Amino acid sequence: GQEVQIDINCIFQGEVFLAHGVQVGANCILKDCVIGENTVIKANSIIEGAVVGDECSVGPFARLRPGSTMNKDSHVGNFVEMKKTTLGEGSKAGHLTYLGDTTIGKKVNVGAGTITCNYDGVNKFQTTIDDGAFIGSNSSLVAPVFIGSNATVGAGSVITKDVEPNELAIARGKQRNISTWNRPEKK
């Protein structure tokens with residue numbers, strides 16, 4: 001496209017399509033992918049076999065693996081990895097997140113440190129997160145699982161059952177503070 005900016009040390013492999021106004025930061029690897037208009041790919045990001053829509057933001061240090069799609073105005077930040085995942089329009093996963101075999105609706109916020117646990121050692125399973133959901137930081141979504149529209153998952157939760165629309169799900173162990181505990185000392 002026109003008005004495309006490509007910084008230093010970028011590698012393009014296979015068929016790569018860059019629409020008008022795309023910006024690619026330094027040290028990026030793009031392989032067999034489509035990048036939509038006015039999208040910004042920040043430094044050190046890897047995109048392979050993925051489709052990134054218009055006006056998206058990727059990285060820095062993000063990885064989009066084959067079968068991933070980012071819809072218009074969605075965002076993945078530093079150290080976010082997506083595999084066979086669709087990120088809906090206006091949705092975001094800001095940092096330190098793994099999204100595998102996941103379908104995410106519109107305007108969803110995925111908190112830092114969230115992972116979709118899609119693999120049981122033998123089979124892979126799907127996670128679905130509906131429009132407007134909020135996933136608190138450091139949550140684990142154990143697939144197969146469905147998070148309903150406008151539902152909220154409390155930070156630090158391990159979700160193993162479906163969460164219905166507009167519900168709050170909190171799944172944490174109960175905190176205990178032990179005052180008689182002695183920290184180990186170096187010998």
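Owing to the predicted nature of the structure, the values given are computational and were not obtained by experimental measurement. Throughout, numbering of the chain's residues begins at 1 and tracks the sequence.
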**Q** What distance separates Gln2 CD from Glu37 CD, expressed to the nearest 0.5 Å?
**A**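 Nearest 0.5 Å value for the CD-CD distance: 10.0 Å.
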**Q** Could you tell me whether a side-chain N or O of Asp54 sits under 3.5 Å from a main-chain N or O of Gly36, the two making a donor and an acceptor?
**A**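 Checked: no pair found.
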**Q** Please give me the minimum heavy-atom distance between Ile135 and Ser139, naming the atom from each residue.
**A**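 Result for this residue pair: CG2-CB, 4.0 Å.
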**Q** Testing the basics here: between Gly111 and Thr114, what is the closest heavy-atom pair and its distance to 0.1 Å?
**A**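 Closest approach of Gly111 to Thr114, heavy atoms only: O-OG1, 2.8 Å.
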**Q** Using a 3.5 Å distance criterion without hydrogens, assess whether the side chain of Asn78 forms a donor-acceptor pair with backbone atoms of Gly59.
**A**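 Not at all, since once roles are kept as given, no pair shorter than 3.5 Å links the two residues.
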**Q** Heavy-atom count around Lys84 NZ within 6.0 Å, excluding the residue itself: above 12?
**A**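 Incorrect, the count does not exceed 12.
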**Q** Hey, is the main chain of Lys83 close enough, under 3.5 Å, to the side chain of Thr85 for a donor-acceptor pair?
**A**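 Yes, Thr85 side chain to Lys83 backbone: donor-acceptor pair under 3.5 Å.
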**Q** Do Pro165 and Asn150 touch side chain to side chain, with heavy atoms closer than 4.5 Å?
**A**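 No. Closest side-chain heavy atoms not under 4.5 Å.
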**Q** Going hydrophobic residue to hydrophobic residue with side-chain gaps under 4.5 angstrom, can you get from Leu18 over to Leu64?
**A**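 Leu18 clusters together with Leu64.
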**Q** Looking only at non-hydrogen atoms, find the nearest pair between Gly77 and Ala62 and report the distance.
**A**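 Result for this residue pair: O-CB, 3.6 Å.
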**Q** Has the side chain of Thr39 got a donor or acceptor atom that lies under 3.5 Å from a matching backbone atom of Gly53?
**A**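 Pair found, side chain donor or acceptor close to backbone of Gly53.
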**Q** Quick one: does Asn118's side chain have a donor or acceptor within less than 3.5 Å of a partner on Lys124's backbone?
**A**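 Absent.
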**Q** Checking Lys107 against Asp131 for the salt bridge (charged side-chain N to carboxylate O under 4.0 Å, His left out) test, could you report, in this order, the C-alpha distance in whole Å, the side-chain angles of both residues, the deciding distance, and whether it holds?
**A** CA-CA 6 Å; Lys107 298 190 182 296; Asp131 297 347; over 6 Å; no
**Q** Drop me the distance from His75's NE2 to Met70's CE, to the nearest 0.5 angstrom.
**A**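 Going from NE2 on His75 over to CE on Met70, the span is 8.0 Å.
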**Q** To the closest 0.5 Å, what do you measure between CZ (Phe146) and CG (Asp162)?
**A**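 Those atoms lie 7.0 Å apart.
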**Q** Please tell me whether Leu96 and Phe61 are part of a single hydrophobic cluster in this structure, the criterion being side-chain heavy atoms less than 4.5 Å apart.
**A**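 Yes; Phe61 is reachable from Leu96 via cluster members.
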**Q** Hydrophobic clusters here meaning ILVMFWY residues chained together by side-chain heavy-atom distances under 4.5 Å, can you tell me if Ile6 and Val52 are in one?
**A**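 Yes, one cluster joins them.
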**Q** Does the side chain of Glu81 come within less than 4.5 Å of Arg65's, by heavy atoms?
**A**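 Arg65 reaches Glu81 side chain to side chain.
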**Q** Indicate the atoms forming the closest heavy-atom contact of Cys28 with Asn44, along with that distance.
**A**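 Scanning both residues completely, I find the closest heavy atoms to be SG-N, 3.8 Å.
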**Q** Is the backbone N or O of Glu48 less than 3.5 Å from a side-chain atom of Arg63, with the two atoms forming a donor-acceptor pair by type?
**A**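 Not confirmed, Arg63 side chain does not pair with Glu48 backbone.
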**Q** Do Val4 and Phe17 belong to the same hydrophobic cluster, where Ile, Leu, Val, Met, Phe, Trp and Tyr are linked whenever their side-chain heavy atoms lie under 4.5 Å apart, directly or via other members?
**A**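 Val4 does not cluster with Phe17.
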**Q** Do Ile129 and Leu141 come within less than 4.5 Å of each other through their side chains, counting heavy atoms only?
**A**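 When only atoms from C-beta onward are counted, Leu141 and Ile129 do touch, with a gap below 4.5 Å.
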**Q** How far apart are the closest heavy atoms of Ser74 and Gly88, and which atoms are they?
**A**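 Nearest pair, atom of Ser74 first, then Gly88: CB-O, 3.6 Å.
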**Q** Linking I/L/V/M/F/W/Y whenever their side-chain heavy atoms sit closer than 4.5 Å, directly or via other members, would Ile46 and Leu30 fall into one cluster?
**A**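 Result: no, two separate clusters.
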**Q** For residues Val142 and Phe125, determine if any side-chain heavy atom of one lies less than 4.5 Å from a side-chain heavy atom of the other.
**A**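 They are not in contact (no side-chain heavy atoms under 4.5 Å apart), so the answer is no.
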**Q** As an exercise, state the distance from SG of Cys33 to CD of Glu15, rounded to the nearest 0.5 Å.
**A**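 So the SG of Cys33 and the CD of Glu15 are separated by 10.5 Å.
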**Q** Distance check, rounded to the nearest 0.5 Å: Asn166 atom CG versus Ser149 atom OG?
**A**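 Rounded to the nearest 0.5 Å, the CG-OG separation comes out at 5.5 Å.
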**Q** Where do Thr103 and Gln126 come nearest, in terms of heavy atoms and distance?
**A**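 Distance-wise, the nearest heavy atoms are OG1-NE2, 3.0 Å.
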**Q** Do Gln175 and Asn177 have a side chain donor and acceptor closer than 3.5 Å?
**A**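 Yes, because at least one side-chain N or O of Gln175 sits under 3.5 Å from a partner of the opposite role on Asn177.
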**Q** Of the options Ile104, Leu87, Val58, Thr102, which is the one that meets Met82 in a side chain to side chain contact (heavy atoms under 4.5 Å, CB included)?
**A**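 Among Ile104, Leu87, Val58, Thr102, the one that satisfies the side chain to side chain contact (heavy atoms under 4.5 Å, CB included) with Met82 is Leu87.
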**Q** Mind checking the CD-SG spacing from Glu89 to Cys56? Nearest 0.5 Å is all I need.
**A**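 So the CD of Glu89 and the SG of Cys56 are separated by 9.0 Å.
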